[in-house]
Amino acid sequence: MIRPLAALFALSLPAAAQEVNCATAITQQDMNICQQQVWEEADDRLNGVYAETVAILQERDAAFPLDGASEEDRLRAAQRAWVVFRDANCDSAGYPMRGGSAEPLLVLGCMHQMTEARIEELTLLAQDY
């Protein structure tokens, strides 16, 4: 999955700086790198939960006649809209530090928080079936 906002921040970081001990991160650059790693781990989990949820919805769609868009189609549309919302919302969350070295930390922190919430939403959706 392409991670547009995070990719922009990563491009501004030297390659050598990306190997950071996050348990002892002190500099803003190190904290930004660590927050990006935390968010990317959550995003990878989200992709897995999304795939599992799609599989469950495909089973449900197969069991019931369709009268329009399938549950899978609806989830796919919702997920695409959620990604657009997450990116815009988190871009806004970075505004207080706009142009500063802490802006990526705010944006990525928001993305992590929203991703964790979406994982929970999809997990509950899959459990409902």
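In this chain, numbering begins with 1 at the start of the sequence shown.
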| Close side-chain approach of Leu122 and Gln79, heavy atoms under 4.5 Å | yes
| message | Assess the residue pair Met111 and Asp87 against the criterion (side-chain contact (heavy atoms from CB on, under 4.5 Å)); give the C-alpha distance rounded to whole Å, side-chain angles, the decisive distance to 0.1 Å, and a yes or no. | response | CA-CA 7 Å; Met111 292 176 75; Asp87 290 350; 3.7 Å; yes
| Worked check of side-chain contact (heavy atoms from CB on, under 4.5 Å) between Trp39 and Gln113 | CA-CA 8 Å; Trp39 171 68; Gln113 183 178 39; over 6 Å; no
| said: Salt bridge or not between Glu116 and Arg45? Use side-chain N to carboxylate O under 4.0 Å. | reply: yes
How far apart are the closest heavy atoms of [X] and [Y], and which atoms are they?
{"X": "Ala126", "Y": "Thr53", "value": "CB-OG1, 3.8 Å"}
{"X": "His112", "Y": "Ala42", "value": "CD2-CB, 3.7 Å"}
{"X": "Met31", "Y": "Ile26", "value": "CE-O, 3.4 Å"}
{"X": "Gly94", "Y": "Glu103", "value": "O-CG, 3.6 Å"}
{"X": "Asn32", "Y": "Pro104", "value": "ND2-CG, 3.8 Å"}
{"X": "Glu72", "Y": "Asp61", "value": "N-OD2, 3.1 Å"}

Answer yes if [X] and [Y] sit in the same cluster of Ile, Leu, Val, Met, Phe, Trp and Tyr residues linked by side chain heavy atoms under 4.5 Å apart, and no otherwise.
{"X": "Ile119", "Y": "Val54", "value": "yes"}
{"X": "Leu75", "Y": "Phe85", "value": "yes"}
{"X": "Val83", "Y": "Tyr50", "value": "yes"}

| query | Quick one: which of Leu106, Val107, Leu105 gives a side chain to side chain contact (heavy atoms under 4.5 Å, CB included) with Gln35? | reply | Leu105
| field | Derivation and outcome, side-chain contact (heavy atoms from CB on, under 4.5 Å), residues Glu121 and Leu124 | value | CA-CA 5 Å; Glu121 291 170 0; Leu124 290 173; 6.0 Å; no
| Please walk me through it: do Met114 and Trp82 pass side-chain contact (heavy atoms from CB on, under 4.5 Å)? | CA-CA 10 Å; Met114 289 188 71; Trp82 178 84; 4.2 Å; yes
| said: Pairing donors with acceptors under 3.5 angstrom, does anything connect the side chains of Gln36 and Glu40? | reply: yes
| said: Whether the side chain of Ser92 engages the backbone of Ala88 through a donor-acceptor N/O pair (distance < 3.5 Å, no angle test) should be reported. | reply: no
